[in-house]
Amino acid sequence: MTAQLKWRKQALPYCLLLPALGFVLIFKIYPLFYCFIQGFHYKGNWSLRTFEILFSNKAFWHSLWVTVKMNIVMTPLQIVLSFFMALLVNKTVKGVGTFRSLYYLPVTISMPVAAICWSLMLSVNNGLANSFIKSLFGMEAQGFFTDANQALWCIVALSTWKGCGYWMMFYLAGLKGIDTSVYEAAKIDGANALQTLWNITIPLVKKTTLFVMVADTSINILLFAPTQLITSGGPSDSTNVLMYEAYKQAFKYGSYEKGAATTCVLVVLILIIVFFQFKLTNQEE
């Protein structure tokens, strides 16, 4: 009876996880495997021909470059801003809870809603931003999402505003895990605020930074909603990220094999990033 009770206690956590595991298998794992099967099929036969056609397509390489360029700017920007936001709200002062809520508020807004709000705010015709620009600075209306030189960076600004509060919470948890005695010892040794930040705080949240860097990059690589809702990959394909290129190939041009192959490339990029994250983590250990 004791052994049976022990087995039930051990099995209970897994039974509770079964519903969530079922959803992951149905809506995550199965579509991923099906995508790889589709990517390695060409006209019903197993073949690498789909990838050969894909890699010879200039639109694919352009969308890959747009994705890489966006992540080179957006990921470090989000990491730095999130870290300094966490430093600000880590202070024990009156009303700090209000600031934490305000910084986290954009996270509670869904990306489609945020994209629509930003598209209205940055509208070239009657947007709030252009109204301020014309009235305060006397400048001409800016194109923002309709300008090939500005559209991608507007999406970067939107995604950064939307995501920084989320990553701030991870940094805040990391900062709360630092023993205060370390800071007290540094203060006794005469370290100033900048020295404490550079030599103590940043090294002690390095693992948090590694996690945020990998998770944030993975999410940014799969960024889709702003491009689809606001710019449709334009103007002049300036915002045609790889995820949107996969969507176009599958659902606009009807080439499901090319769309699946493009998605396979995205998955491989993410796996490479995760691999380097594990390597860095092992080095830290």
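Once rounded to the nearest 0.5 Å, the distance linking CZ of R49 with CG of L54 reads 11.5 Å. Distance CZ/F144 to CH2/W153: 15.5 Å, rounded to 0.5 Å. Note that CE of M168 and CZ of F83 are 13.5 Å apart. Values are rounded to the nearest 0.5 Å. Residue L32 holds its CG atom at 11.5 Å from CG of L25, rounded to the nearest 0.5 Å.
The hydrophobic cluster containing L158 does not contain V124, counting ILVMFWY residues as joined when their side-chain heavy atoms lie under 4.5 angstrom apart, directly or transitively. By the criterion of side-chain heavy atoms lying less than 4.5 angstrom apart, applied directly or through intervening Ile, Leu, Val, Met, Phe, Trp or Tyr residues, Y34 is not grouped with F36; the two fall into different hydrophobic clusters. Residues M121 and F137 are members of one and the same hydrophobic cluster, defined by side-chain heavy-atom contacts under 4.5 angstrom among Ile, Leu, Val, Met, Phe, Trp and Tyr. Cluster annotation: I116 and F145 are assigned to distinct hydrophobic clusters (Ile/Leu/Val/Met/Phe/Trp/Tyr, side-chain heavy-atom contacts under 4.5 Å, transitive).
Sequence neighbours left out, the pairs with a member in residues 154-176 that pass side-chain hydrogen bond (donor to acceptor under 3.5 Å, both in side chains) are N90-K176, W167-D216, Y171-T209.
L210 places a side-chain heavy atom less than 4.5 Å from the side chain of M213. Looking only at side-chain heavy atoms (C-beta outward), P112 and L229 come within less than 4.5 Å of each other. The side-chain heavy atoms of I155 and L223, taken from C-beta on, include a pair separated by under 4.5 Å. For the pair L222/S218, no side-chain contact is recorded, criterion being any heavy-atom separation below 4.5 Å from C-beta on. Under the 4.5 Å side-chain criterion, counting only non-hydrogen atoms from C-beta, I53 is not in contact with N57. Side-chain contact check for L120 versus L128: every heavy-atom pair is 4.5 Å or farther apart. A heavy-atom distance below 4.5 Å is not found between the side chains of M243 and T263. For the pair I221/L242, no side-chain contact is recorded, criterion being any heavy-atom separation below 4.5 Å from C-beta on.
Not a single donor-acceptor pair under 3.5 Å links the side chain of Q78 to the backbone N or O of T75. The main-chain N or O of N240 is never found under 3.5 Å from a side-chain atom of D237 such that the two would form a donor-acceptor pair. Looking at Q142, its side chain does come within 3.5 Å of a backbone N or O of E140 through a donor-acceptor pair. Checked by atom type and distance alone, the side chain of S236 never pairs as donor or acceptor with a backbone atom of S238 at under 3.5 Å. Proximity of a side-chain donor or acceptor of S63 to a complementary backbone N or O of V241 within less than 3.5 Å is not detected. No donor-acceptor distance shorter than 3.5 angstrom exists from the side chain of S82 to the backbone of I79, with no hydrogens or angles considered.
Between S123 and N125, the side chains place no donor N or O within less than 3.5 Å of an acceptor N or O (distance only, hydrogens not considered).
Nearest heavy-atom pair across C154 and L122 is SG-CD1, 4.2 Å. Among all heavy-atom pairs drawn from T208 and F170, the shortest one is CG2-O, 3.6 Å.
Its side chain outside the 4.5 Å cluster rule for every partner, L105 clusters with none of the Ile, Leu, Val, Met, Phe, Trp and Tyr residues. Here L16 sits in one hydrophobic cluster together with L12; the rule is ILVMFWY side chains under 4.5 Å apart, joined directly or through other members.
Here T239 pairs with T231 under the side chain to side chain donor-acceptor pair (under 3.5 Å) rule; sequence neighbours left out. For K252, the side chain to side chain donor-acceptor pair (under 3.5 Å) partners two or more places apart in sequence, or in a different chain, are Y244. For K248, the salt bridge (Lys or Arg N to Asp or Glu O under 4.0 Å) partners two or more places apart in sequence, or in a different chain, are E245.
Taking the six-membered ring for Trp and thresholds of 30 and 60 degrees, F55 and W61 have ring planes inclined between 30 and 60 degrees apart.
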